[in-house]
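For reference, the structure is listed below as structure tokens.
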Amino acid sequence: MKDLPDPQAPLRRPHDVMRLARMGVMMPTRLSFLRALVRRLCGERAEITRTLWHMDADGIGHSVHRVTLSGHVYSLVSVTRPLDPADRSDRVIATAWDAAFVLFDGTPTDDDLARISANAPLQEAGRFSPRDLVLSRANKSVRLWEETVRALRVGRQPDAAMIRDIGYLMRTTAVYGNGKFGIADRHLISDRPGLEGAFAAEMLTVLMIRQFTLDLVEHVGQGRLDRRLARHLGIGNATGLGMAPFLVHHPVLLNNWMVARETALARVRAVPTLDAADRDRLQALVARAAAHLDEWHVPMEEHEATLRQLAADWPQIQSAVTQLPEDHPLDALWQQGQTMRVPVQELLAATLIEMCPDLVDGLTDCMADPFGPLVGAFADTDHLRRSIASHWAWALDIDYDARPDCERFWYVSAAKLEPRIGNRFAEEGAALETPLDVARRVARAYADLPKTPCAVSAFVARYPQHALAVQRAAILDRYPYAEIRDNLIAATCRPIDMLRCKLSFFGATKFDPKSDLWTRITLAQGAPLGDEMRPEMDDWWLPVLAA
């Protein structure tokens with residue numbers, strides 16, 4: 001692409017972007033964490049190698065895979081156990097899995113392997129060390145696993161249509177990092193090259209688990225997968241409510257992710273011209289998106305209807321791509337997309353971001369939050385009032401005493417220490433509500449502000465229940481994309497929209513919601529295999545299993 005500009009188009013307004021209806025249809029981009037990690041591995045021509053393989057004929061045992069990233073060695077220790085079909089569950093309350101994993105810092109000794117082999121299958125009940133960076137577990141996708149093993153054992157390849165429709169041999173039900181259950185705290189690796197990005201250690205674990213599953217099925221099936229089919233096998237994941245509150249509890253991180261994404265889009269829209277190769281690339285990406293939509297189906301009727309509507313609308317974008325003006329063609333395409341439904345707009349945003357790696361990729365350096373909120377103090381309560389009136393107007397007109405606007409409450413289960421959501425009028429536990437009702441808290445603080453200005457500290461001393469609201473108001477005053485601009489305790493709140501937003505930043509595809517509370521996804525589908533990490537292989541956005 002020539003004549004890359006310094007300027008950028010205006011960023012979209014936070015009030016428009018940070019709505020659940022839009023966040024719930026966001027798509028992965030080249031800024032997504034897994035994509036950024038693979039890009040780095042490809043740039044370093046890294047290789048995921050198998051260094052230990054103690055597996056019986058049925059795939060029960062343990063193994064070690066190794067990769068060197070930016071000069072540091074990481075090892076994935078995988079432990080498999082027989083699993084009674086009755087115990088196979090995606091739920092967090094499960095206590096047994098087909099496989100358990102630890103991402104180890106360095107090369108494990110025999111003592112390390114013995115310790116991990118004993119403790120990894122116990123997951124939360126195990127004992128871990130600061131050299132254990134990530135803890136995970138996974139279950140087989142039984143239908144595809146058995147089909148693949150049967151096929152390989154008789155010398156044929158598994159059914160391509162089944163690989164297209166399912167997309168993974170195993171599905172993780174948790175990928176724990178950041179000090180959980182005694183593993184390494186994030187600060188131990190947060191400035192390490194290659195792992196400084198958000199969730200980089202977790203994404204490295206997922207990528208290595210994917211390589212393990214491919215090695216394991218070939219071992220059990222006694223044959224080799226076709227590389228094209230193997231590449232289309234990612235790693236599945238089942239994600240529920242436990243992930244949703246993260247976006248509320250980490251407002252600065254959310255802001256930084258969104259600002260990077262919106263800045264990327266704004267930079268691309270400002271590109272003044274496209275040459276013939278650029279236009280061909282754009283047409284190819286738009287066609288790939290259409291093919292990806294054709295391959296993406298889900299059982300849940302509501303979400304399938306949304307997908308099919310998106311697939312029906314997308315040809316208008318395909319047609320528009322062939323008729324772009326010479327001057328600022330990408331912005332012209334973007335403007336045309338603004339007349340269409342929100343899912344089209346978000347897919348178009350991801351497509352445009354994919355067009356311009358030179359303008360976009362460096363923004364991944366801005367997506368972490370090494371310092372936490374850096375906010376100034378409000379001069380007085382009048383300053384606080386003006387800030388809330390400006391940034392929280394959407395929250396002030398809601399009647400939080402009306403049942404539809406306060407029906408839900410968030411809490412943490414005593415049994416699993418995981419977030420849950422309840423009905424305030426039908427279930428007990430509202431007294432233990434966790435503070436995800438940010439909009440309600442800010443509105444109530446605003447209502448109690450005095451008519452005569454005073455120090456904010458004096459206001460909080462008189463109304464200590466408003467301390468969190470004042471803190472969130474100060475954060476949003478500086479970080480414009482830090483808040484979800486919807487009422488998270490309303491009856492209409494769909495946690496699945498929060499999950500979709502976060503998972504899109506992970507790099508998830510093929511979202512497969514099972515309710516408004518949890519979803520299955522696919523990660524690393526189409527990504528280069530462990531021995532294919534080269535720069536030219538980093539072109540796997542919205543993968544398609546070609547005929």
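We're numbering straight along the sequence, starting at 1.
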Mark yes or no for whether [X], through its side chain, and [Y], through its backbone, hold a donor-acceptor pair below 3.5 Å.
X: Q525; Y: Y168; result: no
X: W314; Y: V286; result: yes
X: T306; Y: E302; result: yes
X: N178; Y: R186; result: yes
X: N487; Y: D405; result: yes

Criterion salt bridge (Lys or Arg N to Asp or Glu O under 4.0 Å) on R231 and E532, from CA distance to verdict: CA-CA 10 Å; R231 210 173 289 121; E532 294 180 336; 2.7 Å; yes

To the nearest 0.5 Å, how far apart are [atom1] in [X] and [atom2] in [Y]?
X: C406; Y: R424; atom1: SG; atom2: CZ; value: 5.5 Å
X: D98; Y: R88; atom1: CG; atom2: CZ; value: 4.0 Å
X: L135; Y: L103; atom1: CG; atom2: CG; value: 10.5 Å

Crowding at CD, Q338 (>12 non-hydrogen neighbours, <6.0 Å): yes

Enclosure of R143 CZ (heavy-atom neighbours >12, cutoff 6.0 Å): no

Y481 and Y479 aromatic centres sub-6.0 Å: no

Distance flag, aromatic centroids of F505 and F199, threshold under 6.0 Å: no

Considering all heavy atoms of both residues, which atom of [X] and which atom of [Y] are nearest to each other, and what is their separation?
X: M203; Y: L37; answer: C-CD2, 3.5 Å
X: V544; Y: H232; answer: C-CE1, 3.6 Å
X: R279; Y: L274; answer: NE-O, 3.7 Å
X: G242; Y: P419; answer: CA-CD, 3.6 Å

Ring geometry between W257 and F33 (parallel below 30°, tilted from 30 to 60°, perpendicular above 60°): perpendicular

Modelled atom types, side-chain donor and acceptor of H328 and R269, under 3.5 Å: no

Distance-only polar pair, side chains of R171 and S141, donor-acceptor under 3.5 Å: no

Please tell me if the side chains of [X] and [Y] come closer than 4.5 Å, counting only heavy atoms from C-beta onward.
X: K514; Y: T519; result: no
X: R472; Y: V248; result: yes
X: L214; Y: L233; result: yes

Cation-pi check, R500 onto F511 ring (under 6.0 Å, within 45° of axis): yes

Salt bridge E354-R288, side-chain N to carboxylate O under 4.0 Å: no

Name of the residue among R341, R22, R19 meeting salt bridge (charged side-chain N to carboxylate O under 4.0 Å, His left out) with E346: R22

